[in-house]
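Some notes on the structure that comes next.
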Amino acid sequence: MKELKENKMHLKNDDVEVEEDDDRPMLSSQALAALQEFLSEQNQTSETAQNKTESDSDEVALVSEDWRLSQFWYDAVTAETVAQEAVSLCSDSDSRVACIACPTLYAYLKKIRPEVSAKILEYDMRFEQYGSDFAFYDYNQPQDLPLELKHAFNVVVADPPYLSQECLEKVSETVSFLARPGDSKLLLLTGEVQKERAAELLGLRPCGFRPQHSSKLGNEFRLFTNYNPGTRLGGWEQEN
């Protein structure tokens, strides 16, 4: 009978070493380095996904755009910037904000300051979900609104659905209907092509801040106000 002279057998392949008296697998240095690299990549992927989830939670959920109604939502930066400006103009408990055809602004207003008194005027009945804050609005009937809204707002923000002269003229009628006489702050978001009409109809001047839409529209959009925002909104654009 052959005598076994070795009390311990040593088995080895490229990646795993196994000793007969120890059943635990031992990774080679190359395999261990590969495993550590893999785990590091997994951790980075997990952190990226978590950061994206946190970032997405900062954005406001909106209904989908209906291009048949000329709906194009602002991107998050624009919505937050204009909403913050509107909030800064609400200096007392009597302040009220009217959002004419700009539901993105209304949604961000309520996110930033839920207690703010705001009204959304919209043709799209999907926004009836906002309850008593919603009022049906057809710009073709610019003053066909509840009488309790007349001269009830010290901040009025409007975004006419179309870039035609007729549309801006009718929305201007609505602005005049809603705004409190004398001290109201007006903000208009519309195309660069309306610059002269905005000045003529409502006495507005363009600001340096350039609104952007999530759909990346080709038309150049501007933000106009009837008051000097100082350093906010990029200030009033200097006249030539």
Side-chain angles (χ1 to χ4, degrees), residues 60 62-86 89 97-109 118-124 126-127 135 137-143 145 153 155-179 184-230 232-240:
V60 172
L62 295 167
V63 300
S64 59
E65 298 170 334
D66 187 341
W67 293 356
R68 296 170 300 177
L69 299 178
S70 190
Q71 290 178 341
F72 304 98
W73 305 153
Y74 309 138
D75 66 11
V77 172
T78 296
E80 288 178 2
T81 299
V82 181
Q84 288 284 8
E85 177 66 13
L89 299 174
V97 182
C99 304
I100 305 174
C102 46
T104 323
L105 172 65
Y106 171 85
Y108 273 82
L109 266 175
K119 200 80 171 179
I120 173 173
L121 289 78
E122 254 292 342
Y123 185 83
D124 189 343
R126 290 181 296 173
F127 295 105
Y137 172 66
D138 181 351
Y139 83 89
N140 291 299
Q141 307 294 328
Q143 297 191 32
L145 293 165
F153 301 89
V155 181
V156 180
V157 187
D159 186 347
Y162 302 102
L163 296 180
S164 67
Q165 178 176 345
E166 176 201 26
C167 184
L168 182 57
E169 289 174 347
K170 290 182 176 180
V171 169
S172 296
E173 287 186 49
T174 305
V175 170
S176 298
F177 178 90
L178 297 170
S184 293
K185 302 295 190 293
L186 311 180
L187 297 90
L188 175 70
L189 295 97
T190 189
E192 168 80 27
V193 296
Q194 301 282 35
K195 181 177 177 179
E196 292 184 4
R197 295 191 189 105
E200 179 184 337
L201 293 170
L202 295 167
L204 307 181
R205 289 177 55 179
C207 297
F209 177 74
R210 302 294 179 113
Q212 300 292 327
H213 296 78
S214 56
S215 298
K216 309 300 180 186
L217 299 184
N219 297 314
E220 183 74 18
F221 266 70
R222 300 299 302 270
L223 171 60
F224 303 85
T225 66
N226 72 332
Y227 63 94
N228 188 345
R232 303 187 310 274
L233 304 178
W236 263 348
E237 186 175 81
Q238 296 299 312
E239 296 180 342
N240 295 328

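Between the R205 side chain and the A199 main chain, no donor and acceptor come within less than 3.5 Å of each other. With hydrogens and angles ignored, the 3.5 Å screen pairs a side-chain donor or acceptor of Q194 with a backbone N or O of S164. With hydrogens and angles disregarded, no donor-acceptor distance shorter than 3.5 Å links the side chain of D159 to the backbone of C102.
Between T78 and T104, every side-chain heavy-atom pair lies at or beyond the 4.5 Å cut-off. Side chains of Y162 and Y139 form a contact here, defined as non-hydrogen atoms less than 4.5 Å apart. Residues E122 and Y137 are not in side-chain contact: their nearest non-hydrogen atoms beyond the backbone lie 4.5 Å or more apart. Between L201 and V175 there is no side-chain heavy-atom pair separated by less than 4.5 Å. The shortest side-chain heavy-atom distance between V82 and P211 does not fall under the 4.5 Å cut-off. A 4.5 Å side-chain heavy-atom check between T190 and V171 finds every atom pair outside the cut-off. Side-chain contact check for F224 versus L202: every heavy-atom pair is 4.5 Å or farther apart. Residues N140 and K170 form a side-chain contact, since some pair of their non-hydrogen atoms from C-beta on lies under 4.5 Å apart.
We find the CD-CD distance between E173 and Q143 to be 5.5 Å, quoted to the nearest 0.5 Å. Atom-to-atom distance recorded for H213:NE2 and W73:CH2 is 10.0 Å, nearest 0.5 angstrom. For the atom pair OG of S172 and CG of L204, the computed distance is 7.5 Å after rounding to the nearest 0.5 Å. Separation of atoms CG (L188) and CD1 (I100) is listed at 9.0 Å; rounding is to 0.5 Å.
Residue Y227 places its OH atom among more than 12 non-hydrogen atoms of other residues, nucleotides or ligands, all under 6.0 Å distant.
Closest approach of L121 to A98, counting heavy atoms only: CD1-CB, 4.4 Å. In terms of heavy atoms, L168 sits closest to P160 at CD1-CG, 4.0 Å. Taking both residues in full, the closest heavy atoms of R222 and C207 are given as NH2-O, 3.0 Å, listed atom of the first, atom of the second, then distance. Here the shortest heavy-atom pairing between L163 and F221 reads CD2-CZ, 4.3 Å.
Contacts of K185 classified as salt bridge (charged side-chain N to carboxylate O under 4.0 Å, His left out), with partners at least two apart in sequence or in another chain: none.
Of the residues L109, V155, L187, V156, the one that meets the side chain to side chain contact (heavy atoms under 4.5 Å, CB included) test with C99 is L109.
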For a side chain to side chain contact (heavy atoms under 4.5 Å, CB included) check, start with the C-alpha distance between T225 and W236, then their side-chain angles and the critical distance, and finish with the verdict.
CA-CA 8 Å; T225 66; W236 263 348; 2.9 Å; yes
Might you work through the side chain to side chain contact (heavy atoms under 4.5 Å, CB included) test for L145 and K119, ending with a clear yes or no?
CA-CA 12 Å; L145 293 165; K119 200 80 171 179; over 6 Å; no
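Using a cut-off of 4.0 Å between Lys/Arg side-chain N and Asp/Glu carboxylate O, E220 and R210 are scored as salt-bridged.
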